[in-house]
Every structure is written in structure tokens, then in C-alpha cells.
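Computed from a prediction, not measured in an experiment: that's the story for all the values here. We count ligands from 1, going down the list as the structure has it; atoms in each ligand are counted the same way.
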Amino acid sequence: MVAADNLKPTPKQAHFDLITYLKERQKLCEAALEKAVPIRYPEKIYEAMRYSLLAGGKRLRPILCLASCEMTGGTIEMAMPTACALEMIHTMSLIHDDLPAMDNDDFRRGKLTNHRVYGEDVAILAGDGLLAYAFEYIASHTKNVPPERVLQVVAILGRAVGAAGLVGGQVVDLESEGKSNISVETLNFIHNHKTGALLKACIVCGGVLAGASEQQLQRLSRYAQNIGLAFQIVDDILDVTATQEQLGKTAGKDQKAKKVTYPSLWGIEESRKQAQQLVESACAELEPFGEAAQPLVALAHFITNRTY
Ligand code: FPP
Ligand code: MG
């Protein structure tokens, strides 16, 4: 949920009530997600999928997708199935990331991790189930959108999730663990793929569903690239500065795992500055959209000012 003290709107968007906006959007997304994955036989797998999917979280990815669809002339209804699918994919990546074979984590979103509750076998399958269902859900539930746009969304998302995106980023991340000589280029590669690719897909898919022009999609893509990296820099900072209660997951993990991070390369202050600059570049891309860009501008600032 949104804590008011995390939000410091800049004077430029002071009249946009981000707290209310986020609360409303989170509620819409929660309701849609709850409906999207009902429990059926075999109950165990649906329960495991729902356990992680409905465990809270900021719902940033679906909210970004809805916002970019609306900004480029579409509706919430057009983007909601894709928004839900994005959260399913994000959740599955976290379930697998937390497995003993990867980060071996015990807490996520303030609760025990999926494998700690259901066992490794079911957790792997819950991730697989969510991934497959995400694509089925877009194809079967998207309404009032021309089919060629839906097809484009499926292709963008498939690429963002596979070896060219999330999976590729995770592989380089795992390979880099324990190595102290990781360059900033490798670090950028990891994050542009592991975190950036899906964030970019959220924002670009929103535009595609709305029928945005190629030029608009380019702007959305550059906005997304910048906030994706800013998001990760802030994540690295929070791993050092925030508590487990604030994060809902173990804090201080990067240092413990001897991971090279932005704060370890640049220090906390410089990392904050870099994140701020990226957010400013991101927002500059949205200037031609005028007032309609307010939610995405505010969300970009939220990403750097968040404390969780
Ligand atoms: C969290 O990173 C993990 C990710 C952002 C994605 C990990 C990707 C995979 C496990 C691949 C999943 C497979 C498919 C098919 C998508 P982190 O460990 O740095 O952050 P944390 O502190 O939140 O765990
Ligand atoms: Mg992890």
C-alpha cells in the first residue's frame, strides 16, 4: 500500500494527487487479479499461484501499463488483461528468483516465499503456471482491441521475458555473483534485462494496445529505459538503507552476497543523483503528451523517492 511520506511530488506535478491515483489503481488491479485466477482442480497449484500473486506489492507494472494506454488514447478496459498478465509474469520471476537454486530467499512481499510454504516442486510449477497463463489471459481476455495489436503485445512480452530479456539478465546476474571486477557496462546489462525489459514492455504494450504511433512508442520506450534503470539504482540503494519491514523482503542481501551494485560502484549520494537524472530524462520524453502525461511523470518521481 502507498505511504504518504514516500511521495514528494515536485512543484510541477503538485496538483496531481498521486497518492489517491495509486490507491485507486491498486484497488482496480487487485480486483482484476483476484478474478483472473480462480481456484479450480487441482486446487494446490491454483492456491500456490494465488498465494504469491495476491500477496500485495506495489502493482507498479500493471499501473504503468494502464497509464501509458490511457495517455496514448486507450482505456483501462483495453489494457487490464495485459496489466494482469504483467503482474503474473513479474510474480513468477520473483517466485523463481527466490528458489534455493537462485537467491534462496525466505521472505517476499512481507510473507514467506512460495517454496517455503508449498515446497520447491510446487513453487517451480506455480511460476510455470503463471507464466503460461499470462499469455493465455492476454489472448483470451483482451476486448475492443484490434487482433494485430494483441499479437504485437504477445510478441513484445515474449521477447521481454525470454533469453533476450529477463532470463538473459538473470543469467548474467548469477554469473557475476561473488566477482568484484564487474564493470558498470555489465551491471547495466544485468539491470536493463532483468528489470528494465519487463518495465519497458509494460509501458510500450500500453501504447500498442491504444494504437500509439511509432514516434509515440519510441518516446514511451526511452521513458521506460530511463525509469527502468532509475528503479534498479533505487532498489540497490534501498537494499543498503531500508529495513526488512519496509521492504517486505530481506534487506542487506547485496552486501552479504558480495554483489556489485550501483552504490558499491558510485556510493549512495552519486547513485541518488544518477537516478534523479534518469528520471528527469524520462519525463522530458513525455513533454509532447502535455497534461495527459501527469500520471507517468508522477510515477517516475515516485520510483526515485520511494522508501520500499
Ligand atoms: C529479482 O532480482 C529478480 C528479478 C527481477 C527477475 C529474475 C528472473 C528470473 C528468475 C527468470 C524468470 C524466468 C522467466 C521465464 C521470466 P533481485 O534478486 O536482484 O531482487 P530481490 O531482492 O527482489 O530478490
Ligand atoms: Mg533475489
Are the aromatic rings of His191 and Tyr262 close, with centres under 6.0 Å apart?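 That pair passes the under 6.0 Å test.
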Parallel, tilted or perpendicular: rings of Tyr51 and Tyr118 (30°, 60°):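 It falls in the perpendicular class, over 60°.
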Inside 2.8 Å of the Mg ion (ligand 2) but strictly below it, how many protein N/O/S atoms are present?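 That number is 2, waters not included.
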List, for ligand 1, each N/O atom that has a protein N/O partner under 3.5 Å away, with both atom names and the distance.
residue, atom, partner, partner atom, Å
ligand 1, 2 (O), Lys194, NZ, 3.1
ligand 1, 18 (O), Asp97, OD1, 3.4
ligand 1, 18 (O), Asp97, OD2, 3.0
ligand 1, 18 (O), Asp103, OD2, 2.7
ligand 1, 19 (O), Lys194, NZ, 2.6
ligand 1, 22 (O), Lys249, NZ, 3.1
ligand 1, 22 (O), Lys253, NZ, 2.8
ligand 1, 23 (O), Arg108, NH1, 2.7
ligand 1, 23 (O), Arg108, NH2, 3.3
ligand 1, 23 (O), Lys249, NZ, 2.7
ligand 1, 24 (O), Asp97, OD2, 2.9
ligand 1, 24 (O), Arg108, NH2, 2.8
ligand 1, 24 (O), Lys253, NZ, 3.4

Option among Val145, Val154, Ile138 that satisfies the side chain to side chain contact (heavy atoms under 4.5 Å, CB included) test with Thr82: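 That would be Ile138; it is the only one of Val145, Val154, Ile138 passing the side chain to side chain contact (heavy atoms under 4.5 Å, CB included) with Thr82.
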Stepwise side chain to side chain contact (heavy atoms under 4.5 Å, CB included) test for Glu87 and Glu30: CA-CA 10 Å; Glu87 192 64 24; Glu30 292 302 333; over 6 Å; no
Test your reading of the model: is there a side-chain donor-acceptor pair from [X] to the backbone of [Y], 3.5 Å cut-off?
{"X": "Gln232", "Y": "Leu229", "result": "no"}
{"X": "His90", "Y": "Leu86", "result": "no"}
{"X": "Gln26", "Y": "Lys58", "result": "yes"}
{"X": "Arg109", "Y": "Ser52", "result": "yes"}

Any cation-pi pair here, Arg50 with Tyr133, using under 6.0 Å and within 45°?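 No - Arg50 does not lie over the ring of Tyr133 by the 6.0 Å and 45° rule.
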